[in-house]
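In this chain, residues are counted from 1 in sequence order. Computed from a predicted structure; not experimentally measured.
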Amino acid sequence: MEVYGTKLASRLLLGTAQYPSPQVLADAVRSSGAEVVTVSLRRESARSRAGDRFWSIVRGLGVNVLPNTAGCYSVKEAVTTAQMAREVFGTSWIKLEVISDFDLLQPDVFQLVEAARILTSDGFQVFPYTTDDPGVAERLLLAGCQVLMPLAAPIGSGRGLNNPFALRVLRNRFPDILLIVDAGIGLPSHAAAAMELGYDGILLNTAVAKAGDPVAMAEAFAKAIEAGRAAYFADPIPARDMAAPSTPLAGMAMLS
């Protein structure tokens, strides 16, 4: 998978929040094989430097860092956060989140498109957290985004694919655009189902970080994503309403 000119062997992008310990985080990232991790910019006092140890651990993993604008509710807030993240993490990559609703954490698609336009004009390589609406997708592409990250379900809900039909339509509408499912994935089977639709990758956090064994769950997701991708290219049989016997009737014994 190639993202903004960077080639990646893994199609799993992993978040770094909510893990029980820094060591578990590091072990989960290694177990998953992920080459991209998302990080949130946090305001910290100059005296405590609370984030230094975390940043040191992330750097030690040798992965690509994808800062995000989590918790932003306006264009100005998202753009400012992105600019600060570029200075702190030394990357032009940004996972752009502009939230409209506190309870469901849905993207504000109007402000999202505007923020994406401003950031791409400023040299950022934007990964927008968006909906499965093709019209919004078209506007994000026109704003300069080269990858789209539609949600499967609300962030952290673990519900899986709320609308597989819409995700399939989006995939078919933009066959040549990198599409990564972001948010709502709870089980490896959910990730496999998204990959079977032809999606290019999966970004998740809570499903691994909050699992009883995050390290084992990270490995399970890696395997599920690989299996789903292989299944997509193996050309699955279509679903049907009636049974279709797998054993031929010709040549069977006829009893009188």
Just distance, no hydrogens or angles: give the donor-acceptor pairs under 3.5 Å from side chains in residues 8-20, sequence neighbours left out.
from	atom 1	to	atom 2	distance (Å)
Ser10	OG	Leu12	N	3.1
Arg11	NH1	Asp200	O	2.9
Thr16	OG1	Thr38	O	2.7
Gln18	NE2	Thr206	OG1	3.4
Tyr19	OH	Gly15	O	3.2

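- Remark: side-chain polar atoms of Arg171 are paired, donor with acceptor, to backbone N or O of Phe174 under 3.5 angstrom.
- Under the 3.5 Å distance criterion, the side-chain polar atoms of Ser74 are matched with a main-chain donor or acceptor of Glu77.
- Gln111 places a side-chain N or O within donor-acceptor distance of the main-chain N or O of Val75, the cut-off being under 3.5 Å.
- A pairwise comparison of heavy atoms in Ile185 and Ala191 identifies CG2-N, 4.0 Å as the closest pair.
- Note on residues 226-239: no pairs pass side chain to side chain donor-acceptor pair (under 3.5 Å), not counting sequence neighbours.
- The two residues Asp132 and Leu170 have their closest heavy-atom pair at O-CD1, 4.0 Å.
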Chi angles and distances behind the side-chain hydrogen bond (donor to acceptor under 3.5 Å, both in side chains) call for Ser92, Gln125
CA-CA 6 Å; Ser92 60; Gln125 296 171 318; 3.2 Å; yes
May I have the step-by-step check of side-chain contact (heavy atoms from CB on, under 4.5 Å) for Tyr129 and Leu203, ending in yes or no?
CA-CA 10 Å; Tyr129 163 66; Leu203 192 157; over 6 Å; no
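- Contact between Val65 and Trp93 at its shortest, heavy atoms only, is O-CE3, 4.0 Å.
- Remark: side-chain polar atoms of Tyr199 are not paired, donor with acceptor, to backbone N or O of Ala193 under 3.5 angstrom.
- In terms of heavy-atom proximity, Pro128 sits nearest to Cys145 at CG-SG, 3.8 Å.
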Side-chain donor-acceptor contacts of residues 208-215 below 3.5 Å, not counting sequence neighbours, with atom names and distances?
from	atom 1	to	atom 2	distance (Å)
Asp213	OD1	Val215	N	3.3
Asp213	OD1	Ala216	N	3.1

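- For the pair Leu151 and Gln106, the minimum side-chain heavy-atom distance is below 4.5 Å.
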Does the side-chain contact (heavy atoms from CB on, under 4.5 Å) test come out yes or no for Ile202 and Phe221, once each step is laid out?
CA-CA 9 Å; Ile202 305 291; Phe221 268 106; 5.7 Å; no
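- With a 4.5 Å cut-off on side-chain heavy atoms, Ile155 and Glu97 count as touching.
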With side-chain contact (heavy atoms from CB on, under 4.5 Å) as the test, would you mind laying out the steps for Val109 and Thr131 before giving the verdict?
CA-CA 8 Å; Val109 296; Thr131 66; 3.8 Å; yes
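- Nearest heavy atom pair, residue Met242 against residue Arg240, reads O-NE, 2.9 Å.
- Partner Phe127 forms a side chain to side chain contact (heavy atoms under 4.5 Å, CB included) with one of Ile94, Val3, Leu96 and no other, that one being Val3.
- The backbone N or O of Gly135 lies less than 3.5 Å from a partner atom in the side chain of Arg139, making a donor-acceptor pair.
- Of the possible donor and acceptor atoms, none in the side chain of Thr130 sits under 3.5 Å from a partner among the backbone N and O of Pro150.
- A distance-only check finds a donor-acceptor pair linking the side chain of Ser157 to the backbone of Pro154 [under 3.5 Å].
- Annotation for Phe89 and Pro67: closest pair CD1-CG, 3.7 Å, computed over non-hydrogen atoms.
- Checked by atom type and distance alone, the side chain of Gln146 never pairs as donor or acceptor with a backbone atom of Leu178 at under 3.5 Å.
- Within the 4.5 Å cutoff, side-chain heavy atoms of Leu179 are placed close to those of Ile177.
- Between the Thr120 side chain and the Ala116 main chain, a donor and an acceptor come within less than 3.5 Å of each other.
- Side-chain heavy atoms closer than 4.5 Å link hydrophobic residues (I, L, V, M, F, W, Y) into clusters, and following such links, even through other members, never connects Met149 to Ile99.
- Under the 3.5 Å distance criterion, the side-chain polar atoms of Glu138 are left unmatched by any main-chain donor or acceptor of Pro134.
- Hydrophobic cluster membership is shared by Val63 and Val88, with clusters built from Ile, Leu, Val, Met, Phe, Trp and Tyr side chains linked at under 4.5 angstrom.
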Derivation of the side-chain contact (heavy atoms from CB on, under 4.5 Å) call for Arg30 and Leu61:
CA-CA 8 Å; Arg30 294 190 184 99; Leu61 293 171; 3.8 Å; yes
